[in-house]
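Reckoned from all heavy atoms, side chains included, excluding hydrogens, waters and symmetry mates. Not measured: the values here are computed from a predicted model.
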Amino acid sequence: MSKRLRRYVRAVTLAGFCGLVLVHVVGYGWRLPDRGVVFIVLLAAVVLGDLTPLLAARRNRDGLVPVSPLYALAMLLRVGVAPAVVASVAASLISGVVRRQPATAVLFAVAQRILSVVAGAVVLWLAGSAPFGAPVRIDWNTLVPVVLACAAFVGVSLLVTSLATAFTARDTYGPQAARPLLVWLRRELSGRSRYAGLLLSLAPVVALAAERHALLLALFALPAVAVSRSIAIAAGRDHKVLHDDLTGLPNRQLLADRIDQAIALARRHGDKTAVMVLDVTGFGEVNDSLGRACGDVLLQQIATQLVRTLRGVDTVARIGADEFAIVLHGVRNRDDVEVVADNLRRALAIPTVIAGVPLAVELSVGAALWPDHGGSADAVLRCAESAMQRAKRQRGGYRLYASSARGGVNRMQLLARLRGGLQNNELEVHFQPQASLSTGELVGAEALVRWRRDGRLVPPNEFIPIAEHSDLIHQLTRHVLRGAVQQAGVWRDNGLPLRVAVNLSARDLQDRELPATVAELLETAQLDPMWLELEISEHSLMSDVDRARAMLAQFRSMGISLAIDDFGTGTTSLAHLPHLPIDVLKIDRSFVANLERHADDLIVRTTIDLARSLGLRVVAEGVETEQVWQRLAHLGCQLAQGYYLCRPIPAEQLTSWLDMIGRRAAPYQAGLWERGSTHEIVLPS
């Protein structure tokens with residue numbers, strides 16, 4: 001207990017003792033010639049009402065609120081202040097003993113009850129309804145004073161309790177990120193408002209029933225408990241909306257609110273706020289090998305370890321199947337974030353035994369800072385997710401979002417310009433050919449989007465990652481699909497049939513309307529689905545395997561060829577491959593480049609052998625030299641694409657080349673195209 005909280009508890013306890021003396025000296029006192037039975041019944045109700053949560057079954061106990069203040073307030077109105085104080089003190093003492101609470105907590109609860117009763121009695125006395133502490137007859141003349149007295153009782157009770165909670169929370173958060181006390185107090189008062197309404201509405205009714213007959217009080221026992229239970233159910237429902245069922249951590253909705261709060265505090269204190277997104281490497285393999293139940297246990301242990309490693313001020317949330325997010329308060333610079341990331345990775349690297357199997361958790365961590373990388377909660381979170389994806393592509397570790405000094409502002413401006421570029425037809429579809437390694441013949445082309453703005457091509461890595469983390473990716477994907485399908489139809493009509501490949505993002509796999517859109521485009525162009533190939537990156541596939549498998553099955557039923565892009569860089573479990581409706585594996589360019597820099601070709605050779613055993617075609621990406629071309633052909637790879645063949649170029653230039661070389665008459669010879677710059681493509685003479 002902090003020094004500030006200790007002083008507050010002592011002050012409340014002293015005030016409660018003074019209130020007790022005031023009641024004894026000045027109050028109406030014990031005059032119960034005709035109210036003895038009512039007092040005994042209400043006393044029992046107060047004591048039992050305070051023990052209500054303990055008497056409930058454990059599974060039904062969470063969120064229950066004691067109903068004793070309801071009967072204490074009714075006793076104040078019907079019997080008087082002294083009996084109400086005695087009943088409240090007795091209930092608090094008995095409840096404290098049963099719960100084995102510290103003496104300080106019991107005395108504080110006693111003082112809080114005394115102050116609440118005295119506050120109600122003072123209001124009644126000031127309103128002139130009766131002498132100080134005397135019972136009040138409830139009728140139309142005393143209705144307003146009674147309502148005000150109930151409000152005072154409830155207000156003091158809430159204020160005293162909420163202040164204690166606010167002090168505790170504020171001290172827990174530490175000096176760097178402590179919110180103003182009024183912020184905490186407002187939060188606590190709003191959370192208890194429904195219980196206040198319960199007291200304010202039912203207490204006068206209970207007191208009025210006591211005037212008729214004491215036995216009528218028994219009729220209010222079940223309704224009071226039912227209302228308490230309804231409050232608990234409502235609180236549980238609210239908690240479920242904002243928290244993850246499995247781990248109990250905040251979900252994405254509550255995370256956005258926590259980031260907003262952290263930004264407000266950082267703005268006030270001149271600090272920075274950091275948002276980190278963590279991905280559990282290989283989590284899908286745990287589910288496949290040990291079962292989903294063990295995977296759930298692992299996620300729960302990861303959540304517990306994250307909370308233990310961080311400060312109480314920081315927020316840990318679960319935002320995906322195997323993704324967590326963290327909000328760090330009071331960050332001074334980027335080094336602070338890196339230190340936290342290292343601590344988390346070391347803490348989770350300690351093996352955890354699940355089902356008898358020791359598991360060491362590896363994390364891919366991405367981070368972004370406010371205000372460096374974004375001016376809003378959504379912008380900072382998206383930047384952190386982008387950095388995490390980059391960390392995954394680079395096989396784990398920690399990455400900070402890379403952007404200009406105006407990060408988030410530039411990002412939002414670029415997103416707005418990209419949206420305008422789509423409307424103004426600034427987005428072009430270029431094609432990079434794919435050729436057979438054995439014959440050199442062109443067999444297909446990958447459709448790639450390019451943005452021509454103000455006479456220059458914007459590098460794809462400047463706008464595609466931003467689009468992938470917004471809903472704009474759906475429009476972008478449809479634009480590329482439309483251009484690719486139309487061009488494939490043109491090539492078919494010209495006697496140059498080529499299969500066109502189009503990339504899909506992780507967000508596209510969540511678009512339930514995409515299969516219908518693709519079917520409509522194929523029907524409009526009257527193109528056989530066999531001439532369209534859809535590529536899904538390994539990371540997108542493994543982010544939600546079940547959803548991806550269902551989406552791919554729809555495309556397969558339409559007769560569309562399917563490929564896994566960037567194979568080898570993600571966490572695809574080999575157990576998934578035989579059950580996925582795919583036709584092609586595309587070896588990532590990083591492995592292909594190693595064929596020239598290193599003699600080690602184990603990964604490429606293994607991938608080719610794996611694909612051959614599963615009956616899949618293999619495409620090597622990033623072929624840039626004749627040496628790599630020959631090596632891939634020797635290893636048995638079937639298709640290749642890369643700068644050794646050609647950079648991505650507009651469709652009309654690719655068509656001109658096809659017309660020149662006579663693809664149908666003679667095999668295509670690799671390396672004949674001059675590798676022009678991105679700005680100017682040069683055709684061979």
Side-chain angles (χ1 to χ4, degrees), residues 366 368 372-376 378-380 382-387 389-390 393-394 399-433 445-484 486-487 500-508 535 537 539-540 565-566 589 621-622 624 641-643 645-654 673-683:
D372 297 1
H373 303 135
S376 66
D378 184 57
V380 177
R382 284 200 302 265
C383 291
E385 290 176 325
S386 176
Q389 292 294 336
R390 192 170 74 253
R393 288 194 294 270
Q394 297 175 0
R399 295 293 181 273
L400 184 68
Y401 182 76
S403 69
S404 63
R406 297 176 59 195
V409 176
N410 285 350
R411 182 190 180 283
M412 290 184 285
Q413 289 177 342
L414 186 60
L415 197 60
R417 291 172 181 170
L418 181 59
R419 195 180 303 274
L422 274 169
Q423 297 174 352
N424 299 329
N425 295 321
E426 296 177 0
L427 277 297
E428 304 174 358
V429 180
H430 289 194
F431 295 87
Q432 184 172 41
E446 181 178 359
L448 299 167
V449 65
R450 295 295 183 261
W451 184 12
R452 190 176 299 277
R453 181 173 178 82
D454 299 331
R456 63 176 291 268
L457 288 177
V458 180
N461 59 357
E462 288 189 11
F463 68 91
I464 290 180
I466 294 176
E468 286 180 339
H469 288 85
S470 72
D471 292 336
L472 191 61
I473 190 62
H474 299 312
Q475 299 180 40
L476 199 60
T477 299
R478 282 165 169 75
H479 177 80
V480 178
L481 278 168
R482 187 179 303 108
Q486 290 175 353
Q487 186 58 48
V500 292
V502 178
N503 286 283
L504 300 182
S505 71
R507 281 181 176 263
D508 289 325
E535 299 182 359
S537 72
H539 299 288
S540 301
D565 196 14
D566 302 331
R589 64 183 65 249
E621 295 183 289
E624 297 189 359
Q641 69 181 82
Y643 285 2
L645 304 175
C646 182
R647 293 176 180 267
I649 59 174
E652 58 272 14
Q653 295 188 22
L654 181 57
W673 285 8
E674 184 174 344
R675 296 184 296 166
S677 67
T678 305
H679 303 280
E680 182 181 359
I681 306 299
V682 180
L683 290 174

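Across all their heavy atoms, Leu400 and Arg390 have their closest contact at O-NH2, 2.6 Å. Across Ala484 and Val500, no two heavy atoms sit closer than the pair O-CG2, 3.8 Å. Counting all heavy atoms, side chain and backbone alike, Val429 lies closest to Gly483 at CG2-CA, 4.4 Å.
When atom types are taken as modelled, the side chain of His430 and the backbone of Arg450 share no donor-acceptor pair closer than 3.5 angstrom. His479 places no side-chain N or O within donor-acceptor distance of the main-chain N or O of Leu422, the cut-off being under 3.5 Å. When atom types are taken as modelled, the side chain of Arg399 and the backbone of Ala387 share no donor-acceptor pair closer than 3.5 angstrom.
Using a 4.5 Å heavy-atom cutoff, the side chains of Glu468 and Arg507 are not in contact. Taking the side chain as every heavy atom from C-beta outward, Arg419 and Gln475 approach each other to under 4.5 Å. Two residues are said to be in side-chain contact when any heavy atoms from C-beta on lie closer than 4.5 Å; His474 and Asp508 meet this criterion. You'll find the side chain of Leu448 reaches within 4.5 Å of the side chain of Asn503, heavy atoms only. By the 4.5 Å heavy-atom criterion applied to side chains, Cys646 and Gln432 are not counted as neighbours. Contact annotation: the side chain of Ile473 approaches that of Leu476 to within less than 4.5 Å [non-hydrogen atoms, C-beta and beyond]. Counting only heavy atoms from C-beta outward, the side chains of Trp451 and Arg417 approach each other to under 4.5 Å.
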